[in-house]
Amino acid sequence: MTRLSRQTLGQLPKDVGRPNYDPARVTVGIVHLGIGAFHRAHQAAFTDAVLAQDPSWGICGVSLRSPETRDALAPQDGLYTLKVQDGDGEELQVIGSVVELLCAPEDPEAVLRRMADPATRIVSLTITEKGYCHNPATGTLDENHPDIVHDLENPGQPRSAIGFIVEALARRKSAGTAPFTLLTCDNLPSNGHVLKRVVTRFAELRDPALAAFVRNVASPSTMVDRIVPATTDSDRSAIAAALGVEDAWPVMTEPFRQWVIEDDFPLGRPAWENAGALFADDVAVFEMMKLRLLNGSHSTLAYLGYLAGAETVADAMALPGMEALIGGLMREEVSPTLPPLPGFDLAAYRAELLQRFRNPALRHRTWQIAMDGSQKLPQRLLGTIRDRLKAGAGYDRLALGVAAWMRYARGVDEAGRPIDVRDPHAARIAELTQGMGAPEGIVAAFLTMTDVFGTDLSESAPFRLTLINALTRLFEKGSAATLRDYV
Ligand code: CS2
């Protein structure tokens with residue numbers, strides 16, 4: 001079958017959206033580290049919508065690990081299909097903003113050259129929580145992280161995003177080129193500050209003069225939101241049938257999208273506001289709301305849902321009691337911890353979240369969201385619990401989410417079958433909990449992970465007790481029956 005490309009764009013059916021600019025005239029202004037599905041459904045789509053205004057903001061997409069995305073998209077001139085779907089229907093749009101693809105491990109030098117090029121004015125990132133090589137409880141650089149140790153020893157051949165950013169900034173500094181703006185789009189609280197802190201620390205470990213340069217880099221915080229399940233082979237076949245040409249890596253998503261950005265771009269930026277992005281002075285409030293309500297609920301329903309046998313988020317939402325549990329968690333336990341957002345209808349936001357989770361067209365696997373819990377829970381559930389403890393308020397539903405993670409991350413499901421746990425600390429967790437069957441012992445073992453729980457929660461007796469109670473329920477009744485208590 002013919003492949004999607006600039007040449008075959010003209011053959012697509014009329015109702016398939018396509019760039020309203022000439023992709024061949026687009027030049028690179030943004031280097032994006034972590035060219036996964038989320039970036040392609042979110043920032044790349046916002047950028048695509050405004051490239052006609054200024055084609056100098058094309059994206060060079062960099063994979064930091066595998067060549068898969070480059071291999072799929074390079075033969076297609078970077079073009080790919082975005083399928084936007086919910087229960088009411090679907091729309092297809094070919095996106096043209098990614099105009100170059102690089103695979104960092106194959107050619108780190110090509111990536112550094114692009115990043116150091118004066119035409120590159122923004123370096124954006126979606127490298128997931130673990131890509132920051134930080135301690136999730138404190139937000140500081142993990143100086144013992146193997147990639148960080150490697151990159152400090154081999155600054156010219158980095159592996160981590162942090163190593164690439166600092167080396168590229170070092171080259172710009174010696175060439176007399178102004179620093180690019182760093183634009184993190186990962187689900188971390190105060191993500192711009194966390195990124196700035198880890199790159200500055202890394203630069204300090206390399207050279208104090210470089211650290212002074214890095215301290216002046218703009219690193220606005222952002223809140224990003226769009227649900228993007230991993231693409232499957234059946235998605236690929238459906239897209240090929242609809243387009244009449246093959247697309248090796250289309251991206252599936254929902255109609256909802258949100259992007260709130262601090263406006264701090266010394267070298268300029270695309271007019272993303274014309275595509276619906278919101279520029280705000282203080283993004284922290286939006287980030288906290290989204291991380292605690294959306295992602296906190298997502299993780300809770302992923303662990304409980306997986307344990308109860310639900311393959312997708314929509315299946316998990318259909319389990320008796322799940323919707324009441326998640327609704328109550330958001331309304332009673334999370335919302336009172338959020339700072340006020342004047343003029344914002346929080347109740348409507350919560351209702352919309354439940355509806356998004358019910359989206360029957362998105363097959364978003366609970367297993368996908370369950371990944372990397374040790375990196376996600378601190379900002380999704382534990383910060384909220386900390387605030388509830390301080391306020392002397394209850395947090396039973398949040399604790400059930402944390403207990404379900406513990407039950408899941410041990411790597412054995414309710415029927416005694418192994419779970420394919422993906423987490424940078426999977427081996428450590430297996431070791432810590434080896435041979436343990438009783439909830440008291442399991443909770444105690446997890447609470448030694450102060451990099452996840454912080455010393456305060458690790459040492460809190462009431463928190464420990466609440467977790468033991470929740471985990472006991474999960475062991476005695478199983479997840480499905482525990483959920484039914486909320487009906
Ligand atoms: C999800 C997020 O995989 C996960 O952990 O919770 O990717 C979620 O879908 C996005 O943050 C939605 O904006």
Side-chain angles (χ1 to χ4, degrees), residues 34-46 82 84-86 125-132 136 184-189 191 221-232 251-261 276-278 283 286-306 310-314 316-317 322 326 329-330 334 349-350 352-359 361-384 398 401-402 404-405 408-409 420-424 452:
I35 179 83
F38 179 74
H39 171 74
R40 290 194 281 136
H42 192 272
Q43 303 101 62
F46 278 88
L82 190 61
V84 180
Q85 54 187 347
D86 63 11
L125 301 90
T126 47
I127 53 175
T128 80
E129 296 84 350
K130 61 178 178 283
Y132 290 79
T184 154
C185 296
D186 281 297
N187 285 314
L188 294 169
N191 52 7
S221 281
T222 63
M223 181 268 250
V224 294
D225 190 7
R226 196 167 211 185
I227 293 176
V228 189
T231 305
T232 63
V251 180
M252 309 294 121
T253 192
E254 60 173 345
F256 184 94
R257 55 182 199 156
Q258 197 174 17
W259 196 8
V260 188
I261 315 169
L278 179 69
V283 173
F286 289 97
E287 283 183 309
M288 197 193 235
M289 177 186 78
K290 190 258 171 175
L291 284 167
R292 291 187 173 189
L293 286 173
L294 188 157
N295 298 106
S297 301
H298 236 185
S299 290
T300 302
L301 69 83
Y303 296 118
L304 289 167
Y306 183 97
E311 195 190 343
T312 67
V313 172
M317 283 294 280
M322 182 67 94
I326 297 297
L329 177 147
M330 292 202 285
V334 180
Y349 181 77
R350 288 191 301 256
E352 191 175 25
L353 284 179
L354 292 175
Q355 193 195 337
R356 290 169 66 195
F357 295 156
R358 284 191 296 257
N359 186 333
L362 284 187
R363 294 193 47 77
H364 198 187
R365 293 177 70 198
T366 49
W367 177 82
Q368 187 186 346
I369 301 164
M371 273 187 228
D372 295 342
S374 68
Q375 312 295 301
K376 291 173 174 173
L377 261 52
Q379 57 276 10
R380 295 182 175 206
L381 296 172
L382 301 175
T384 319
L398 294 160
V402 180
W405 170 61
Y408 177 94
D420 179 7
V421 178
R422 302 283 172 94
D423 190 298
V452 174

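As the structure lists them, so they are numbered: ligands from 1, and atoms in each ligand from 1. The figures that follow rest on heavy atoms only: side chains count, while hydrogens, waters and symmetry mates do not.
In terms of heavy atoms, Leu304 sits closest to Ala404 at CD2-CB, 3.7 Å. Shown here for Val283 and Ile261, the closest heavy-atom pair between the two residues is CG2-C, 3.7 Å.
At the top of the distance list for atom 13 (O) of ligand 1, counting protein heavy atoms only, stands Asp225 OD1, 2.6 Å. Here the protein heavy atom with the shortest distance to atom 7 (O) of ligand 1 is Asn187 ND2, 4.4 Å. Looking from atom 9 (O) of ligand 1 to the surrounding protein, the closest heavy atom is His298 CE1, 3.3 Å. Protein heavy atom at the shortest distance from atom 11 (O) of ligand 1 is Lys290 NZ, 2.7 Å. Protein heavy atom closest to atom 2 (C) of ligand 1, with residue, atom name and distance, is Asn295 ND2, 3.6 Å.
At a heavy-atom distance under 4.0 Å, no atom of Gln375 approaches ligand 1.
Using bins of under 30°, 30° to 60° and over 60° for the plane-to-plane angle, the ring pair Phe357/His298 lands in the parallel bin. Relative ring orientation between His42 and Phe46 is described as tilted, the plane-to-plane angle lying within the 30° to 60° band.
Atom numbering of ligand 1 starts at 1 in the shown order; those under 4.0 Å from a heavy atom of His364 are 9 (O). Ligand-side atoms of ligand 1 in range of Lys376: 3 (O), 4 (C), 5 (O), range being under 4.0 angstrom from any heavy atom.
Judged as a salt bridge (Lys or Arg N to Asp or Glu O under 4.0 Å), and not counting sequence neighbours, Arg226 has no contacts. Under the salt bridge (Lys or Arg N to Asp or Glu O under 4.0 Å) criterion, Arg356 pairs with Asp225, Glu254, not counting sequence neighbours.
On a distance-only criterion, Arg226 and ligand 1 share at least one N/O pair closer than 3.5 Å.
The local environment of CD in Glu352 is crowded, with over 12 non-hydrogen atoms from other residues, nucleotides or ligands closer than 6.0 Å.
Heavy atoms of Met371 come nearer than 4.0 angstrom to ligand 1 in no pair at all.
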